[in-house]
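One structure is given here, and the rest of the page talks about it.
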2 protein chains.
Amino acid sequence: MPRMDGCGPGGPMGWRGRFKGCGYRMTTGREAILDILTVSEKHLSAEDIYRKVTEKYPGVGLTSVYRTLEILSNMGIVYKFDFGDGRARYELAEGSKKPDHHHHLVCTKCKRVIDYTEFIDEEVELLKKTEKGLSKRYNFAINNHLIQFYGLCGKCKAESPK
Amino acid sequence: MPRMDGCGPGGPMGWRGRFKGCGYRMTTGREAILDILTVSEKHLSAEDIYRKVTEKYPGVGLTSVYRTLEILSNMGIVYKFDFGDGRARYELAEGSKKPDHHHHLVCTKCKRVIDYTEFIDEEVELLKKTEKGLSKRYNFAINNHLIQFYGLCGKCKAESPK
DNA sequence: TTGATAATGAAAACCATTTTCAATAAGGAG
DNA sequence: CTCCTTATTGAAAATGGTTTTCATTATCAA
C-alpha cells in the first residue's frame with residue numbers, strides 16, 4: 001500500500017508525475033477518470049464518472065472509480081462536495097489560471113447547482129485573511145475552504161406554495 | 001400530511017407556535033429533541049440525539065428523531081451539516097442574539113470540528129452583499145450560507161508523516 | 001368525549017460507499 | 001526483454017446511515 005499522505009495539493013508536476021512521486025501506479029482506469037474530469041462539466045457523481053468512463057473503457061469498475069477519486073481527493077487534485085442529495089460530487093481542482101475559481105449556489109429543493117465567479121475575488125481575499133487568523137488561533141494547517149449559498153432557484157421558487 | 005413548505009426560517013413565535021402554525025402537532029418526542037438541541041453541545045449526529053433523548057424518554061425511536069430533524073431542518077430551526085465523517089450533524093439555528101453565529105473549522109483527518117466566531121462579522125457582512133448580488137443575478141431566493149475551513153488540527157498535524 | 005388523521009416505533013428496505021479476496025498488471029531490477 | 005514484487009483491479013458481499021412501510025397510538029379541534 002503506497003503512502004496516502006505527505007502528498008498534499010500544489011506542486012508543478014503533472015498528474016502522472018505527482019502519482020509516481022507518491023508511489024502510485026498510473027493505470028488505464030485512472031487516466032480515463034482524470035480525462036473525464038478534465039473534459040466534463042462540473043460536479044459529477046461517482047456514478048456519473050463511472051458511466052462516462054465505461055463508455056470508452058468498459059472494463060473499469062465502479063469500485064475503482066471510488067478508489068481513484070479518494071486518492072485524487074486526498075492529493076488535492078479533486079474536490080469532493082456534498083450538495084445534500086445523498087451522493088458526493090467531484091470536480092477537478094482549478095489549475096493555475098485564476099478564472100477557474102468558483103463557489104456554489106445550491107437549490108435546496110431540486111438540488112440544482114450553479115457555479116458563480118462573481119464576488120469571488122473579494123471572498124477569497126477575506127478568506128485568506130481569516131485563514132491566517134484561524135491557523136494561528138487554533139493551530140490548524142488550513143488547506144481548503146468551502147463557501148456555499150442555499151436557497152430556491154427561480155423555478156422552484158415559482159412552484160413553491162405561496 | 002401537513003404542509004412542509006412555506007414555513008421558512010425567522011418569525012417571532014416560539015417553536016410550539018411555529019409548529020402549530022405549520023400544521024404539525026407537538027409531541028413528547030419532538031419536545032424532547034428540541035430540549036436536547038437547546039441544551040447540548042454543538043453538532044450532534046442523529047444517533048447522538050437519539051441516545052440523549054432516550055435517556056429521559058426511552059419510548060422515542062430513532063426513526064422519529066430523523067423525522068423530526070428533517071422537519072426542523074426544513075423549517076430553518078435546525079441546521080444540518082456534513083463534516084465528511086459519513087453522518088449528518090445537526091445544531092440549533094442561532095437565536096436572536098448575535099454572538100451565537102459561528103462557522104466551522106474541520107480537521108480532515110480526525111474530523112474534529114471547532115466553532116469559531118472570530119472574523120464572523122466581516123464574513124457575514126461580505127456574505128450579505130454577495131447574497132444580494134447572487135439573488136438578483138441568478139434569480140435565487142437565498143436563505144442560508146455555509147462557510148467551512150478544512151485542514152489538519154494541531155494533533156493530527158504533529159502525527160502526520162513529515 | 002369523540003373522530004379524523006398526524007405521528008409513532010419496529011422492522012424491513014434502500015442505496016451510496018467500503019471491504020474482501022483472488023486474479024491481474026505496472027514498472028523497477030537485472 | 002523478462003521476471004518478480006506488489007499495487008491495482010473487478011465482482012460480489014458487507015456496511016451503515018437514512019428512509020419506507022405499515023399497523024398502532026396519540027394529538028387536538030370540534
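By convention in this document, chain letters (A, B, ...) are assigned in the order of the sequence lines, proteins followed by strands, and residues within each chain are numbered from 1. Owing to the predicted nature of the structure, the values given are computational and were not obtained by experimental measurement.
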Quiz prompt | D:dT9 phosphate, OP1 or OP2, under 4.0 Å from A:Arg30 side-chain N/O | solution =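 A:Arg30 to D:dT9 OP1/OP2: side-chain N or O found under 4.0 Å.
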Quiz item: Does the side chain of A:Thr27 get closer than 4.0 angstrom to OP1 or OP2 of D:dT9 through an N or O atom?
Solution: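 Yes, because at least one side-chain N or O of A:Thr27 sits under 4.0 Å from OP1 or OP2 of D:dT9.
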What is the distance from [atom1] of [X] to [atom2] of [N], rounded to the nearest Å?
X       : N      : atom1 : atom2 : answer
A:Leu69 : C:dA16 : CG    : C1'   : 13 Å
A:Arg87 : C:dT18 : CZ    : P     : 14 Å
A:Tyr57 : C:dA25 : OH    : C1'   : 16 Å
B:Tyr50 : C:dA10 : OH    : C1'   : 10 Å
A:Asn74 : C:dT17 : CG    : P     : 15 Å
A:Asp48 : C:dA16 : CG    : P     : 11 Å
A:Phe19 : D:dA7  : CZ    : P     : 15 Å
A:Asp82 : D:dG17 : CG    : P     : 16 Å

Quiz item: How close do B:Ser64 and B:Ile33 get, heavy atom to heavy atom, and via which atoms?
Solution: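 Heavy atoms only, the tightest pair is O-CD1, 4.2 Å.
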Self-check item: B:Lys157 to A:Ala141 - nearest heavy-atom pair and separation
Solution: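 Distance-wise, the nearest heavy atoms are CD-CB, 3.5 Å.
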Quiz prompt | Divergence of helical axes at both termini of the helix from C:dT1-D:dA30 to C:dG30-D:dC1 - five pairs an end, 10° steps | solution =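 The value is 40°.
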Taking only nitrogen or oxygen atoms into account, show me every contact under 3.5 Å that the protein makes with nucleotides 19-24 of chain D, one pair per line with its distance.
none

Exercise. Could you point out which residue of A:Leu127, A:Leu126, A:Thr130 forms a side chain to side chain contact (heavy atoms under 4.5 Å, CB included) with B:Phe119?
Key: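 The residue from A:Leu127, A:Leu126, A:Thr130 that satisfies side chain to side chain contact (heavy atoms under 4.5 Å, CB included) with B:Phe119 turns out to be A:Thr130.
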Quiz item: Which part of the nucleic acid, if any, lies within reach of B:Gly29 when heavy atoms closer than 4.0 Å are counted: base, sugar-phosphate only, or nothing?
Solution: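 Result for B:Gly29 = nothing.
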Quiz prompt | Side-chain ion pair, B:Glu118 and A:Arg137, N-O less than 4.0 Å | solution =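 Salt bridge between B:Glu118 and A:Arg137, a charged N being under 4.0 Å from a carboxylate O: yes.
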Quiz item: Will you find, in the side chains of B:Glu123 and B:His145, an N or O donor that is under 3.5 Å from an N or O acceptor?
Solution: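 B:Glu123 vs B:His145: no donor-acceptor pair found between side chains.
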Quiz item: Do B:Asp48 and B:Ser45 get their side chains close enough for a donor-acceptor pair, meaning under 3.5 Å?
Solution: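 Their side chains do contain a donor-acceptor pair, which is all the 3.5 Å distance test asks for.
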Exercise. If the plane angle is over 60° it's perpendicular, under 30° parallel, otherwise tilted; pick one for A:Phe83 and A:Phe81.
Key: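 Rings of A:Phe83 and A:Phe81: parallel, as their planes differ by under 30°.
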Quiz item: Toward the 5' end of DNA chain D, which comes first, B:Ala46 or B:Lys20, by nearest nucleotide?
Solution: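 The residue whose closest nucleotide sits nearer the 5' end is B:Ala46.
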Practice problem: Identify, between B:Ser45 and A:Ser64, the residue whose nearest nucleotide on DNA chain D lies closer to the 5' end. | Solution: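 It is A:Ser64 whose nearest nucleotide is closer to the 5' end.
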Would you say [X]'s side chain and [Y]'s backbone share a donor-acceptor pair under 3.5 angstrom?
X       : Y       : result
A:Asn74 : A:Ile71 : no
A:Thr54 : A:Arg51 : yes
B:Arg30 : B:Tyr24 : no

Quiz item: Can a donor-acceptor pair under 3.5 Å be found between the side-chain atoms of A:Arg25 and the base atoms of D:dT6?
Solution: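 When only heavy-atom distances are counted, A:Arg25 does reach the base of D:dT6 through a donor-acceptor pair under 3.5 Å.
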Practice problem: Counting heavy atoms from C-beta on, name the nucleotide in D:dG10, C:dA7, C:dG9 closest to the side chain of B:Tyr24. | Solution: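 Taking heavy atoms from C-beta onward, the closest nucleotide is C:dA7.
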